[in-house]
Number of protein chains: 2
Amino acid sequence: MGTKDRIASDLERSFAEAGFAEQGVEALRAEADVSLRTLYKHFPSREAMIVGALEHRDATYFRWLEGGPQEGAAHVLHPLVRLGDWLGEVANTGCLFLNAWAQYPDSAAIEAVVKDHKARLAEEFRRRLARVAPGRDTGHLAETLFLLHEGMTQAARLQGREIAYEAAMHAARAALAAAEID
Amino acid sequence: MGTKDRIASDLERSFAEAGFAEQGVEALRAEADVSLRTLYKHFPSREAMIVGALEHRDATYFRWLEGGPQEGAAHVLHPLVRLGDWLGEVANTGCLFLNAWAQYPDSAAIEAVVKDHKARLAEEFRRRLARVAPGRDTGHLAETLFLLHEGMTQAARLQGREIAYEAAMHAARAALAAAEID
DNA sequence: CTTAAGGTAGAGTGATCGCTTTACTTTTCC
DNA sequence: GGAAAAGTAAAGCGATCACTCTACCTTAAG
């Protein structure tokens, strides 16, 4: 259904720009430009609206990571490079998923969509490392790169995007070099 | 004043255990075991209670980082080691400061105390590096270590404390080795 | 003894907010 | 053409919540 997806897109943008707390259902309704009844038809609770926005962001972000170099260290580093681009385009409010989870620590639905997204992100690094260094045990390296991804996201709002990007890339290259992946 | 500080300590614990959103003023009052009137005398708004709790946590955490090896790479890595210990002791709900900021993105007072805390943390790494490698430009390394600190905090709740700790230490050692600091 | 500072208990208030409901209109599609 | 599906507008409801206010008690200095 196209309508639901378009609303989800509006909700994602709305939450990303204004945060979760400062945003009542009436404000979300206005942003999506639908009636309250229609909004609740597609998302039967405020919690469902948040989950819908996160699911939409999940799809958006993985599409954002597609493409790039297919070999060598650059293939492995590509998601970090793209995160750097991403942080340059959006308002710098940290990670939408972690912010949502911080706000609703008791919601099983939100926790599930957050953990699922992050698990798939970690898997993305594992897959890229397996392609570049087949047959080697790169599990710990994948965890390191995932940690750098999370660190860059948080550091960007604290130290600025440029500094965070350089710091993460520096650490990532050092870790790959130590494992003799180039 | 001792009373205010004792209440701040209770507030910190309360927010750390139950999060910010799920915690009404009445619950905070009960946790601090004072009357509502007294609570509001010391912290004239809910926002002030959060700021008070964060200031208390700031002091607690920097005290936690004291001591440890005074030379070599171990001196620089010490805050990361202590963060690993910390994450083993507290309920794993991410960073109290960033959670508070996520919840009140429009509060200048909260933003200030969060940024101040993080700036001092970055400064801590700069100071330690300056001690171990005097005269050298270690600014980018300090940023990298700060980023690993933030990354470990977030990764711990997503991948587990052990994995996050190993990943961060692995990256930190690789970065220090690349700069020939041992 | 008095008095003032600072504590307790807890009811009350005004505003907000998530969500429902009523009444009506538009669109889709056989 | 007509019925069903899906949309709009907006008032209203019930609950929650931050915060205030009333009334009373305890303690310790002068």
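Computed from a prediction, not measured in an experiment: that's the story for all the values here. Every chain is numbered from 1, with letters handed out A, B, ... down the list of sequences.
Between Glu124(B) and Arg120(B), none of the side-chain N atoms (NZ, or NE/NH1/NH2) sits under 4.0 Å from a carboxylate O, so this pair counts as no salt bridge. Ion pairing of Glu123(A) with Arg126(A) is present here, as a side-chain N (NZ or NE/NH1/NH2) and a carboxylate O approach within less than 4.0 Å. Salt bridge annotation for Glu71(A)-Arg131(A): absent, with no cationic side-chain nitrogen under 4.0 angstrom from a carboxylate oxygen.
If you take CD of Glu22(A) and C1' of dC17(C), they are 14 Å apart, rounded to a whole angstrom. Whole-Å rounding puts the Arg29(A) CZ to dT16(C) C1' distance at 17 Å. Spacing between atom NZ of Lys41(B) and atom C1' of dA4(C) amounts to 12 Å, rounded to whole angstrom units. A straight line from NE2 of His42(A) to C1' of dT8(D) spans 13 Å, rounded to a whole angstrom. One can place CD of Gln103(B) at 15 Å from C1' of dC17(D), the figure rounded to the nearest angstrom. Taking atom CG on Leu39(A) and atom C1' on dG7(D), their separation rounds to 13 Å, with Å as the unit.
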With sugar-phosphate taken as primed atoms, P, OP1 and OP2 and all else as base, the protein-contact string of nucleotides 18-28 of chain C at under 4.0 Å (heavy atoms; B, S, -) is SBBBB------
Distance-only check: which donor-acceptor pairs under 3.5 Å involve side-chain atoms of residues 171-182 of chain A, not counting sequence neighbours?
none

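Scanning both residues, Met152(A) and Ala168(A), for their nearest heavy atoms gives CE-CB, 3.6 Å.
The nucleotide whose nearest atom lies closest to any side-chain atom of Ser35(B) is, among dG6(C), dG7(D), dA9(C), dA9(C).
For dT8(D), the OP1/OP2 oxygens have a side-chain nitrogen or oxygen of Thr38(A) closer than 4.0 Å.
A donor-acceptor distance shorter than 3.5 angstrom exists from the side chain of His78(B) to the backbone of Gly67(B), with no hydrogens or angles considered.
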